Amino acid sequence: MGPAQIDRRTAGRALLLLFSLWFLISLSHASRLSPSMQNLEVQKHLRRLNKPPLKTIQSPDGDIIDCVHISNQPAFDHPFLKDHKIQTRPTYHPEGLFDENKVSEKPKELSNPINQLWHANGRCPENTIPVRRTKEDDVLRASSVKRYGKKRHRTIPQPRSADPDLINQSGHQHAIAYVEGDKFYGAKATINVWEPKIQQPNEFSLSQLWILGGSFGQDLNSIEAGWQVSPDLYGDNNTRLFTYWTSDAYQATGCYNLLCSGFIQVSSDIAMGASISPVSGFRNSQYDISILIWKDPNEGHWWMQFGNDYVLGYWPSFLFSYLADSASMIEWGGEVVNSEADGLHTLTQMGSGHFPEEGFGKASYFRNIQVVDSSNNLKAPKGIGTFTEQSNCYDVQTGSNGDWGHYFYYGGPGRNQNCP
Ligand SMILES: *[C@@H]1O[C@H](CO)[C@@H](O)[C@H](O)[C@H]1NC(C)=O
Ligand SMILES: *[C@@H]1O[C@H](CO)[C@@H](O)[C@H](O)[C@H]1NC(C)=O
């Protein structure tokens, strides 16, 4: 090795060192975004989420609903969906394809139709989908632009967790019914709608069904839908229709509603994340919503229907690994976040805020819970289990009868005498 070579190597090392220093310095600057940089990032994110509308509807609750052309929806930002041909309807429906003569399954006491609040001020035209406009404040409430619309922690209730402490640590509490140990191709439920009180803006209360695939590891697949009250996500205490999906246990993929590309919406009637109205009152009128999620056996996509009339759209099969085949577990029930730092349990309510034993008109319920089995038909679930972390705070009680099929009451007030 001659001296010239040594010189060149030394010079190379010095350059590398300088470059590394420069890189480290710029990195430390980048992680502390200046206010104007952050603002630029927020504006860019808003432009990505809020597509140019063909019509705009002002909802009484302060929401702005944009009617966006169906082929311009957020889903098509996904690289795999660039050339995707929208399926305007499923090729298969577990109750038969849209039988107009189907008798309504609503019991007499529930004759009032449930609606979305923004319908009071207009509807979206054909070939558009209603999208709840994301405001700057919505994004600024999130811990970062990247986290906006995503869950903070793994929040799946795991009835037979090897490590139950893990469930408790995250502060998430559940009261659920579930089935497992089979291949499932969908699930259905009619969910009582309430407006539970939330003690702190960073807590939420939701009632939903979970379609789960895989083990509870890093690659858990989940499709979720129901109603939620989440001041952090929406900026108010309204009860809202929501969906969620992930294919990696809430890490990089998935989001609420249409806040990332993935779900393809076809309905011009129902807006994800929009307020549901009216909600049930204690010892007063009761309202409920039906949600059906099923896998199209021909195309493989997971479809969602709201009520008897609205097919919302679908999650394309390629978004998932396990769920590209089938689900291994179905869960129905409530979840809240208990984030109180003072050692006391939160006062955030689940369901109606009342315990199951109080029954109809007081406690919240799921009724007619069903699964789609491997023959692609809706069936009563077999071997229903239940799970709660602390039944003195939130509880669940199952039952079955002729009118309601398999049902359960669930929920509770959170902090009380027995749940300090
Ligand atoms: C939501 O409810 C909490 C109390 O439960 C209240 O403190 C808060 O002001 C409400 N937020 C809005 C935006 O109405
Ligand atoms: C969660 O924590 C509570 C209170 O510490 C305890 O009573 C309960 O058994 C725990 N639940 C589980 C599933 O570990």
Side-chain angles (χ1 to χ4, degrees), residues 42 46 49-50 57-65 114-118 120-121 131-143 147-152 155 171-175 191-208 226-242 256-257 259 271-284 287 334-355 358 362-364 390 392-395 410-420:
V42 170
L46 288 176
L49 288 174
N50 297 323
I57 296 160
Q58 183 78 49
S59 174
D61 61 357
D63 276 5
I64 297 166
I65 303 294
I114 204 149
N115 233 323
Q116 288 200 307
L117 208 50
W118 63 274
N121 291 341
V131 182
R132 177 183 183 267
R133 187 184 298 176
T134 299
K135 298 174 181 162
E136 196 169 330
D137 284 347
D138 292 329
V139 181
L140 291 177
R141 274 191 310 273
S143 57
R147 295 306 305 166
Y148 172 64
K150 291 183 178 288
K151 290 195 183 179
R152 289 219 186 83
T155 57
H172 288 250
Q173 296 209 294
H174 307 86
I191 313 175
N192 199 191
V193 181
W194 292 83
E195 195 176 278
K197 293 252 178 314
I198 312 297
Q199 193 184 342
Q200 298 203 137
N202 66 341
E203 299 179 330
F204 62 66
S205 180
L206 50 77
S207 297
Q208 64 166 92
W227 59 257
Q228 66 179 168
V229 179
S230 176
D232 252 7
L233 190 57
Y234 302 106
D236 61 22
N237 295 319
N238 292 351
T239 302
R240 292 165 178 278
L241 175 72
F242 83 96
Y256 283 108
N257 306 327
L259 296 175
M272 304 275 214
S275 301
I276 302 175
S277 176
V279 297
S280 306
F282 189 72
R283 292 181 195 268
N284 214 321
Y287 299 92
E335 172 179 338
V336 302
V337 179
N338 173 29
S339 75
E340 301 309 304
D342 53 11
L344 293 174
H345 195 282
T346 182
L347 288 163
T348 288
Q349 301 173 330
M350 182 193 291
S352 68
H354 290 262
F355 281 116
E358 294 189 46
K362 298 166 205 133
S364 187
Q390 283 174 278
N392 287 336
C393 310
Y394 311 103
D395 206 0
Y410 70 103
R415 191 197 310 164
N416 67 80
Q417 241 177 334
N418 301 318
C419 166

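Computed from a predicted model, the values in this text were never measured in an experiment. Start at 1 and go down the list; that is how both ligands and their atoms are numbered.
Counting only heavy atoms from C-beta outward, the side chains of V139 and L46 approach each other to under 4.5 Å.
Listed by number with element, the atoms of ligand 1 under 4.0 angstrom from any heavy atom of G235 are 13 (C).
The aromatic rings of Y256 and F242 lie perpendicular to each other, with more than 60° between the two planes, well past the 30° mark.
There is a protein heavy atom less than 4.0 angstrom from atom 11 (N) of ligand 1. When distances from atom 2 (O) of ligand 1 to the protein are checked, a heavy atom turns up under 4.0 Å.
Protein heavy atom at the shortest distance from atom 8 (C) of ligand 1 is N237 ND2, 3.8 Å. Scanning all protein heavy atoms for the shortest distance to atom 5 (O) of ligand 1 gives I198 O, 2.9 Å.
The distance between the ring centers of Y410 and H174 does not fall below 6.0 angstrom.
If you check the side chains of D63 and S275, you find no donor sitting under 3.5 Å from an acceptor. For the 3.5 Å distance criterion, the side chains of Q208 and E335 fail to qualify, holding no donor opposite an acceptor.
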